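Beneath this line is the structure, given in structure tokens, with notes to follow.
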Amino acid sequence: MGSKEQTAAGMTEPACDFFNRLANRQLVIAHRGYRACYPENTLCAFAHSLGRSDMVELDVQLSADGVAVVFHDDHLARTSNAAALAPELGVSNLALRDWSLAQLRRLDVGSWFLAADPFSSISKGVVDGKLLRDLMPQQLPTLAETLAWAVGNQMPLNVELKDMGQTRLNDALVAQVVADVRAAGASAQVIVSSFNHHALRACRQTAPEIAVAALQEGVHPPDLTSYLRDLGACAYHPADDVTDQALVTTLRAAGFAVNVFTVNDPGRQRQLFAFGATGVFTDFPKPCL
Ligand code: G3P
Ligand code: MG
């Protein structure tokens, strides 16, 4: 990807220097960290993506007391021991937004991976089970501590805003993420993305210095290049199954970055880069061992 293309029409926003700073790389973006080999959205997954990826993608939502925390699902059950701990903590449901930070910090968000082996990486012996066990338990990370890690390691971050289901909460999430990014001095190192494009508009209004990317699955918005320009987006993040050569060519010619999720097949990754895609989100930034 040439720098001339990157600075073309679509990315005239100063915030889009985010991509210009990444130079000519074909971006390998570690989806939820390095989630095929380490538990998703944990500091240990992020740490193991160093040297294996150009950027780390993570998901954020708000705790009950308004702290931005790193976690994918609305509910805590799949990737934590919340079900076992809830009675002791006096919590009656497993929706993350009903748990305070103090309660969330009691969780182990790592050990589920040993039992579930979601990518068969342990059973196939492509990840070191002993090393994994030694890394447990893992605490649920705050965005602030993840930003501090990213700044310390000069790792670009894609912060994905999850939809909290209520406008009030989505607005609060945008405000908190912007506050955390600014406090960390990480505005130039972060791109904010979301399937909720209203949240992206709010982010642009609150923090014009931070780059945003529109996530999309299913049907593309009509008149996509105008749509992205109006949104002030630097990038489009489409699902792989709605991405083809024409989409990538059109958006790249208009100056937008195109980062495709989630692409684990190396052949498809090569094809997307041949189309001109700027990046791929992958669960396997490199083989585990
Ligand atoms: O940002 C790409 C990807 O993370 C979007 O989907 O559900 O994995 O957050 P999801
Ligand atoms: Mg995500």
Side-chain angles (χ1 to χ4, degrees), residues 18-19 22 26-43 45-46 49 53-62 68-80 96-97 109 112-113 116 118-119 140-143 146-147 150 155-165 170 173-174 177 181 189-197 199-200 203 210-221 228 231 233-243 247-248 251 256-265 268-269 272 277-285:
F18 174 87
F19 283 105
L22 291 170
Q26 294 178 333
L27 302 175
V28 173
I29 307 168
H31 183 225
R32 305 184 206 170
Y34 195 2
R35 78 184 277 253
C37 305
Y38 299 88
E40 65 185 57
N41 283 329
T42 60
L43 289 174
F46 303 152
S49 69
S53 59
D54 303 296
M55 190 185 322
V56 166
E57 187 265 359
L58 53 87
D59 309 286
V60 291
Q61 14 186 343
L62 281 186
V69 294
V70 178
F71 200 81
H72 181 270
D73 298 358
D74 300 343
H75 285 75
L76 294 160
R78 182 178 63 89
T79 59
S80 82
L96 182 147
R97 69 181 184 199
V109 294
W112 69 273
F113 187 89
F119 290 83
L140 194 150
T142 63
L143 177 61
T146 307
L147 287 163
M155 173 60 87
L157 285 189
N158 179 178
V159 175
E160 181 188 341
L161 307 173
K162 289 321 229 191
D163 196 317
M164 304 270 316
N170 287 333
L173 178 61
V174 169
V177 166
V181 169
Q189 206 177 317
V190 164
I191 184 160
V192 170
S193 68
S194 189
F195 290 105
N196 179 343
H197 298 177
L200 296 179
C203 187
I210 298 177
V212 305
L215 269 165
Q216 191 70 42
E217 51 194 354
V219 180
H220 302 293
L228 293 174
L231 194 59
C234 307
Y236 193 54
H237 290 182
D240 187 23
D241 64 356
V242 292
T243 302
L247 178 81
V248 176
L251 292 180
F256 296 99
V258 180
N259 303 313
V260 184
F261 72 94
T262 300
V263 191
N264 289 338
D265 173 31
R268 177 62 173 166
Q269 292 176 359
L272 288 164
T278 45
V280 293
F281 295 86
T282 178
D283 300 314
F284 290 89

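As the structure is a prediction and not an experimental result, all values here were calculated from the model. Residue numbers run from 1 in the order of the sequence given. One-based numbering, in listed order, for ligands and for the atoms of each.
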### Query
Short question: side chain of Q61, backbone of L173 - any donor-acceptor pair under 3.5 Å?
no
### Task
Can you tell me which residues line ligand 1 if we count any heavy atom under 4.0 angstrom from one of its atoms, in chain and number order?
H31, R32, E57, D59, H72, E160, K162, F195, L215, F261, F281
### Task
Considering only NZ, NE, NH1 and NH2 on the basic side and carboxylate oxygens on the acidic side, decide whether R35 and E57 come within less than 4.0 Å.
no
### Summary
The protein N, O or S atoms lying under 2.8 Å from the Mg ion (ligand 2) are E57 OE2, D59 OD1, E160 OE1
### Query
Taking S53 for the side chain and V56 for the main chain, is one N or O donor matched with an acceptor at less than 3.5 Å?
no
### Message
Determine whether a donor-acceptor pair (N or O, by modelled atom type, separation under 3.5 Å) exists between the side chain of D59 and the backbone of E160.
### Response
no
### Task
With the side chain counted from C-beta on, respond yes when N259 and I191 share a heavy-atom pair under 4.5 Å apart, and no when they do not.
no
### Message
Looking at Q216 and V219, would you say the former's side chain and the latter's main chain have a donor-acceptor pair under 3.5 Å?
### Response
yes
### Query
Looking at V69, V159, V190, which hits side-chain contact (heavy atoms from CB on, under 4.5 Å) with L143?
V159
### Query
Looking only at atom types and distance, does a side-chain atom of T278 sit under 3.5 Å from a main-chain N or O of V258, one as donor and one as acceptor?
yes
### Task
Taking the side chain as every heavy atom from C-beta outward, state whether H72 and R78 have any atom pair closer than 4.5 Å.
yes
